[in-house]
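Contents: one structure, followed by commentary.
Here is the naming used below: chain letters follow the sequence lines, and residue numbers restart at 1 for every chain. The analysis underlying the following values was restricted to heavy atoms, covering all of them including side chains, and did not include hydrogens, waters or symmetry mates.
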There are 2 protein chains.
Amino acid sequence: MQSIDGLENEISLETAFEATPPTPKRQTGKKPGRPKGKSSDQTRERILDAAERLFANEGYDGATLRDVAAAADVQLHAVGYHFGPKDILFDTVISRRSVIMTELRMNALSAARRAAVGGVVPIETLVRDYISPFVLSAGEGDRGWRTYAALMGRLANSPLGTEIIARHYDATAREYLKEFSRALPDVIEADVIEGFSAMVAAMLGLCADTGRPARLGQPKIAHRKPSDSLETLVRFQTAGFKSLGNVDG
Amino acid sequence: MQSIDGLENEISLETAFEATPPTPKRQTGKKPGRPKGKSSDQTRERILDAAERLFANEGYDGATLRDVAAAADVQLHAVGYHFGPKDILFDTVISRRSVIMTELRMNALSAARRAAVGGVVPIETLVRDYISPFVLSAGEGDRGWRTYAALMGRLANSPLGTEIIARHYDATAREYLKEFSRALPDVIEADVIEGFSAMVAAMLGLCADTGRPARLGQPKIAHRKPSDSLETLVRFQTAGFKSLGNVDG
DNA sequence: TATTTATTTGTACAAATGTATAATAAATTT
DNA sequence: AAATTTATTATACATTTGTACAAATAAATA
């Protein structure tokens, strides 16, 4: 099997095939194989955190799996191993927090419905219950929620984002829309939906925290407390909804 | 990428192995060199139109220069020849229409200032003058304006978009903000800016035309006339601004 | 204890991508 | 008329990128 043709050994197929094995560069600190103590859940969370941040900052195409792996301090293949293709990773990033957000909103809506007098939930309550879980999570929650809010804002008007949002958030939106229509019986559905869309857009724009408001204002403006922004937003959007009723507003 | 002539296209082993240098495949229909009649302005516009559409649909990183070239029916290098690197092409796409939008808005503001009684422009006028050029261009203009609106909506909450918007739209925004503050003297600047941001976000969300409103409503909902959407938006945002004044709204 | 599974490191690769170079020919200028 | 500029076709290339494969080893299971 082994031919003895001295010189050609340098570039023979044989060397080409077995050159890699002899390099035992295993002395690079970390060793392969299953690590000793930690469970893989921690690795998964680290990858999701890194992906969330990179997708928010660079976009779906701008964030590479290598960036994600490096930011999570794992090898490239760990990403694919845990989450499969890139689009699945992306969807996992979204759904990790969308389930929490959906539960908060639906719980608030259930409570509001129980407390409603005459079967009608006040508009301000609807606005607040939909907006505040997101705004407060983005404003006072941990850094992960802030990043998630930026990512959702970024997704808002893109085709990919529209598809993802539909899958994760449309069901809740429809429940709230039912109540809005009940509270605004003389407003056509198209207007209610347009108001709801305006509210969501403003909410996302606020939480995306792009820095534009600070840039448009006087330099001395300090960073606002999230609760102040929330109250302003609630008042603004509530008044907007109410104005849809009377034609001679 | 593939030439549309027939015969010489088949890849023989010969061509695969050694033929690439000597192949003078200049028989592919179009000939190199400066074309006969048309001016290059038409080519530039075609490239900008294609880039606008692809950036809107795929995003900055998702749209490739090859996609742009193919959509504009030009060779790859024509893109780089006319616009240089990718980021310059992107900025050119934005500025082509931002100068028009800015002029429309500033002209409207000048007229409103001249017509103002007591030096104060009504809030509804400010809202309408800022919003309507964009909404009407996106709704009733040619397809290019619709695409541009989708692109701007997509940019709204991204870091790249924030930088671009700052460069092309912040000056006008500041002029309008001055008037808003004058019309709302008892509202703190941070709230005025938050309201303005909400208005812009709603405007972009409406014009991005993602299809979400249609999906959230009853299937029978027909496509709205842009003028109807505009009136609803103006009323909604105007009421929002006005609500910022009285604390007991 | 032996075998299998889970999770990691390390490497490879084909396709895609931004950019650059060469060649060519019409238009413009000198 | 000659030289230069302009605008195009055609090709090349070094990186980047998503995905896959191979090897290694701790944990789990039989």
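Here the OH atom belonging to A/Tyr176 is positioned 4.5 Å from the CG atom belonging to A/Asp129, to the nearest 0.5 angstrom. We find the CZ-OH distance between B/Arg174 and B/Tyr169 to be 15.5 Å, quoted to the nearest 0.5 Å.
Near-neighbour residues of DNA chain D inside residues 83-92 of chain A, defined by a heavy atom below 4.0 Å, number-ordered: A/Pro85, A/Lys86.
Here side-chain hydrogen bond (donor to acceptor under 3.5 Å, both in side chains) pairs that include residues 193-216 of chain B, with residues two or more places apart or in two chains, are A/Asp170-B/Arg212, A/Asp170-B/Arg215, A/Arg224-B/Glu194.
Contacts of A/His77 with the nucleic acid, taken as non-hydrogen atoms under 4.0 Å apart, include base atoms.
Side chain of A/His82, nearest nucleotide from C/dT7, C/dT19, D/dG18: C/dT7. For B/Leu76, the side-chain atoms get nearest to D/dT11 when compared with the rest of C/dC13, D/dA7, D/dT11. Among the nucleotides C/dT7, D/dT19, C/dG18, the one closest to the side chain of A/Tyr81 is C/dT7.
Of the two residues near DNA chain C, A/Ala78 and A/Arg66, the one whose nearest nucleotide lies more 5' is A/Ala78.
Between B/Arg46 atom CZ and D/dA7 atom C1' the separation is 12 Å, expressed in whole Å. Regarding A/Arg44, its CZ atom lies at a distance of 9 Å from the P atom of C/dT7, rounded to whole Å. Between the P atom of D/dA20 and the CD atom of A/Gln75 lies a distance of 18 Å, rounded to the nearest Å. Whole-Å rounding puts the B/Asp61 CG to D/dG18 P distance at 11 Å. Atom P of nucleotide D/dT17 and atom CG of A/Leu65 are separated by 10 Å, given to the nearest angstrom.
Residues forming a salt bridge (Lys or Arg N to Asp or Glu O under 4.0 Å) with A/Arg96 (at least two apart in sequence, or on another chain): A/Glu45, A/Asp49, A/Glu52.
For A/Phe83 and A/Phe90, the gap between ring centers reaches or exceeds 6.0 Å.
When the options B/Val200, B/Leu230, B/Leu136 are evaluated for a side-chain contact (heavy atoms from CB on, under 4.5 Å) with B/Ile131, the one that passes is B/Leu230.
An OP1 or OP2 oxygen of C/dT7 is reached within less than 4.0 angstrom by no side-chain nitrogen or oxygen of A/Thr43.
Contact of the B/Tyr130 side chain with the B/Thr172 side chain is registered, since non-hydrogen atoms from C-beta on lie closer than 4.5 Å.
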